[in-house]
Amino acid sequence: MALPLPLPPMSYLPPLGGEGQEALGRRVAVPWRGEVRVGVVVGEGGRPSHALRHALAYLDGAPYLRPEEVLFLEEASRYLFAPLGQVLADFLPPSPELRHRVRLYPGADPKVLPKGLEALTAWQEARGFDPRLLDPLREAGVLEEEVAFKEGRRVLLPLKEAHPDPTLDRVLQALRSMGQAESQAALARAAGVGVGRVRRLLEEGYVGYGEPLASPPPGEPVEPLPLPERPERLNGGRFLERVRLLAGLVAEGDHLVLFPEVSLLERFLRHFPRARPYHGGLPPKEREALFRAPRGLVFATYGGLLLPFTPRSLVVVEEGSESYKLPSGSRAFVPPLAEMRARLLGVPLTYLSLVPAVEVLERPGLTFPVPRPRLLLVDLRRERGHPLTGRALALLKQVEEKGRQAVVLSPRLGYSALLLCADCGYRPNCPDCALPLRYHKEAKALLCHQCGHREPPPPLCPRCGSTLLEPRGPGLEWIQEELKRRLALPVYRYTKEEKDDLGPLLAGKPGVVVGTTALLRGPTLPELALVLLPYADGFLYEADFRAAERYHRLLWALTELRPGRRPLLALQTYTPDHPAHLALLEGSVEAFPWAEKALREALAYPPRVRMVKLEVAHRLEERALEAAFALREALKGVAGEEEVLGPAPAPIPRVKGQHVFHLLLKGSTERLAELLSRLDRRRFRLDPDPHRFVGLLED
DNA sequence: AGCACGCCGACT
DNA sequence: GTCGGCGTGCTC
């Protein structure tokens, strides 16, 4: 039985009265450290080395997971170097709440009840009793327990068309126009009548309780673009062409389509009336319902991988997206798991994306022609003007004159202005992280974007006393202000945290939006004519080997910000001849990934070998370094020179008051498992497929 | 993960 | 003498 906790499976005896029943894949309630928790049976039999406890109850009539899903969990656990329970925790939808009642077995002597538990001669809700008192009774076998999932939330639904009584009919029609009501009182309020009227309708059978309605799927279907053969990857094309290609791949029968994030899933969903969404944003009931009976065309985020059905095929959309990386738990990167799932189910898998990930390049596939981007490279080594060069301003002026729209993209808030001394080069740092503090003009404060540390800016340079201490670097706020100063256009802001109402823009009014990459997930601007990156290199200067691949993918994604038309993409950059730029000028989505792949081959980076990251962190640098070297030491004689990299300080060596060191291990899954088995897992955190090297791993 | 236990250095 | 951080073992 596996609990959704970072633990390997544990053994229990079947629930009393449940002996001999099929158990594999069923959910069970079990006593766990004094409380009751929900787990899934992942195996049967075995020879226990100690006395086992009884599970309390099966929670489902039929298995919740099939043997196929259990096998997948086992394989994924091996692949991710994570306990099976961790994988379960990552992929299982959250369990509904438990209703747990207890009493003393009717035959038992009430004298066994300790003080305070006398009430247990009758059924009682288990919560409210100290689990530490209940557990001994359970152990002694005198506690009768009843465990089941709580009844789901039920809503009021109309059952008939009309009611002869006009007053009651008004209430009925109110419910019909609402679709459903939370409660009798809610309906009465909405209809402006007393609850008595609603109760009458209920008694007469005109309304009744039922499951909440699923959200209605809108959608204008597209003409499918069928292919003679099913390729393993499909790239390029326009967005709508990829939608049509997908429609061709999943034309009939059961299919599972994975998306990196909900916003992209919904963009596709508009064209697939047949598709059912499955993701964390759905009401739990809806999600649960699909999990219990998955079929048809399912559009899902990563959790869809555990849906207990065998689709005809799997499609992974935008396999290179960073959003496939789970930030916590097993820290899995999803596409390889999708591949594993398809292999175990014996069904084909297709990657569908604009720019192929380096990892999938070698698969047989099709790349469709892409409209050549309109790219303008502004060389910051030659052009004057900061943060906006003369050329950039001229472009913005054009947008203004023509009454169009522009997007100005800043590389995260973290790159907002730095406070720099023009005399001595002094730059204030965060006392807890080894990061320069960012100057936030609106807040008139220096902020650490990593840990949130905040301090007032010094009036003079603390090092040389100069008055020339001022903000430098094109931060989002600075750019926003500069735009407001130079343009008559309204300026909007769009970040993950702060989303201005873009209503006027969506209605076609002119304006400029300043934002982060959150803009890629935002609404489509109908009159978008210009996309400007005032500091394109900011996206490139990140300390990991995938930074360039990400940047290239970002540029291509920007060319699709306004499907159907091609806004001008203007980049202010110190490296105009970067291969990613050349690839766009060439109009090739594949050229850069191929070059990148060759580079990775030469350096023995993924995908040639797997790489895992071990992270050691401590408040004291000495201790962190010591622990990191201890890991290296433990591998001495076991691992070869080329299999271990580091320890090295993390790109940002101090985060949240902790000094961070990394150790990288390279090799096959089996080899890595062997190396990791030599190490004490409590001494480090593991990332089984690192994509970024900045920051601390989350739990 | 979360908890108990024991060790050890630090400090009122 | 006590407190808190840290390593270790364990959960069925």
Side-chain angles (χ1 to χ4, degrees), chain A residues 1-16 18-19 23-59 70 73-74 76-77 80-92 94-95 130-141 143 145 147 326-332 614-631 633-634 656-661 676-688 696-699:
Chain A
M1 197 267 335
L3 292 168
L5 292 175
L7 293 172
M10 311 266 165
S11 296
Y12 286 83
L13 296 171
L16 291 166
E19 299 87 352
L24 189 69
R26 284 174 86 177
R27 283 186 294 185
V28 281
V30 294
W32 173 258
R33 304 178 56 102
E35 27 168 5
V36 175
R37 311 210 45 160
V38 179
V40 179
V41 178
V42 294
E44 290 180 79
R47 7 67 255 90
S49 56
H50 52 89
L52 299 181
R53 310 187 67 176
H54 281 278
L56 299 178
Y58 290 123
L59 294 165
V70 174
L73 289 170
E74 286 165 349
S77 161
L80 298 169
F81 312 110
L84 194 143
Q86 180 66 266
V87 186
L88 196 64
D90 287 354
F91 289 92
L92 201 65
S95 282
D130 185 349
R132 268 145 238 285
L133 293 175
L134 288 181
D135 213 39
L137 296 175
R138 188 178 283 140
E139 280 288 81
L143 192 69
E145 309 193 60
V147 194
L326 308 189
S328 57
S330 67
R331 306 176 185 118
L614 316 189
E615 178 193 279
V616 180
H618 199 279
R619 285 194 336 282
L620 306 171
E621 181 172 15
E622 198 183 288
R623 296 291 301 267
L625 198 57
E626 208 176 287
F629 273 109
L631 290 176
E633 196 58 29
K656 293 182 181 166
Q658 303 241 315
H659 291 266
V660 187
F661 288 89
L676 290 170
S677 72
R678 309 287 178 133
L679 304 175
D680 182 347
R681 281 298 290 268
R682 287 176 298 197
R683 300 299 178 81
F684 60 90
R685 299 209 259 192
L686 180 115
D687 188 331
L696 271 175
L697 293 177
E698 294 172 35
D699 288 325

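The structure displayed is predicted, hence computed values, not measured ones. So that the names make sense, note that chain A is the first sequence line, chain B the second, and so on, each numbered from 1.
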Grab the two heavy atoms, one from A/Leu143 and one from A/Leu134, that are nearest each other, plus how far apart they are.
->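 Nearest heavy atoms, A/Leu143 then A/Leu134: CD2-O, 4.1 Å.
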[atom2] on [Y] to [atom1] on [X], rounded to 0.5 Å:
| X | Y | atom1 | atom2 | value |
| --- | --- | --- | --- | --- |
| A/Gln86 | A/Leu7 | CD | CG | 9.0 Å |
| A/Met1 | A/Arg37 | CE | CZ | 10.0 Å |
| A/Glu626 | A/Leu631 | CD | CG | 11.5 Å |

Under 3.5 Å, N/O pairs linking protein and nucleotides 7-11 of chain B:
none

Atom pair distance, as rounded to whole Å: [atom1] in [X] and [atom2] in [N]:
| X | N | atom1 | atom2 | answer |
| --- | --- | --- | --- | --- |
| A/Leu3 | C/dT11 | CG | C1' | 9 Å |
| A/Tyr12 | C/dC12 | OH | P | 5 Å |
| A/Leu5 | B/dC3 | CG | C1' | 13 Å |
| A/Trp32 | C/dT11 | CH2 | C1' | 4 Å |
| A/Glu35 | B/dA1 | CD | P | 16 Å |
| A/Leu88 | B/dA1 | CG | P | 16 Å |

Remember a base hit wins even if backbone is also touched, and classify A/Leu13 as base, sugar-phosphate or nothing at under 4.0 Å, heavy atoms.
-> nothing
Just call it for A/Arg33: base, sugar-phosphate, or nothing, with non-hydrogen atoms closer than 4.0 Å on any strand.
->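 A/Arg33: base contact, heavy atoms under 4.0 Å.
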Among all residues two or more places apart in sequence or in another chain, which pass the salt bridge (charged side-chain N to carboxylate O under 4.0 Å, His left out) test with [X]?
| X | value |
| --- | --- |
| A/Arg681 | none |
| A/Glu74 | none |
| A/Glu633 | A/Lys636 |

List, with names and distances, any nitrogen or oxygen atoms from the protein found under 3.5 Å away from nitrogen or oxygen atoms belonging to nucleotides 5-9 of chain C.
from  : atom 1 : to       : atom 2 : distance (Å)
C/dC6 : OP1    : A/His618 : NE2    : 3.2
C/dG7 : OP1    : A/Arg623 : NH2    : 3.4
C/dT8 : OP2    : A/Arg683 : NH2    : 2.2
C/dG9 : N7     : A/Arg682 : NH1    : 2.6

Those residues at least two apart in sequence (or on a different chain) that pass side chain to side chain contact (heavy atoms under 4.5 Å, CB included) with A/Ala57 are A/Val147
Examine A/Arg53 relative to A/Tyr12 and say whether NZ or CZ is less than 6.0 Å from the centre of the six-membered ring and inside a 45° cone about the ring axis.
->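 No.
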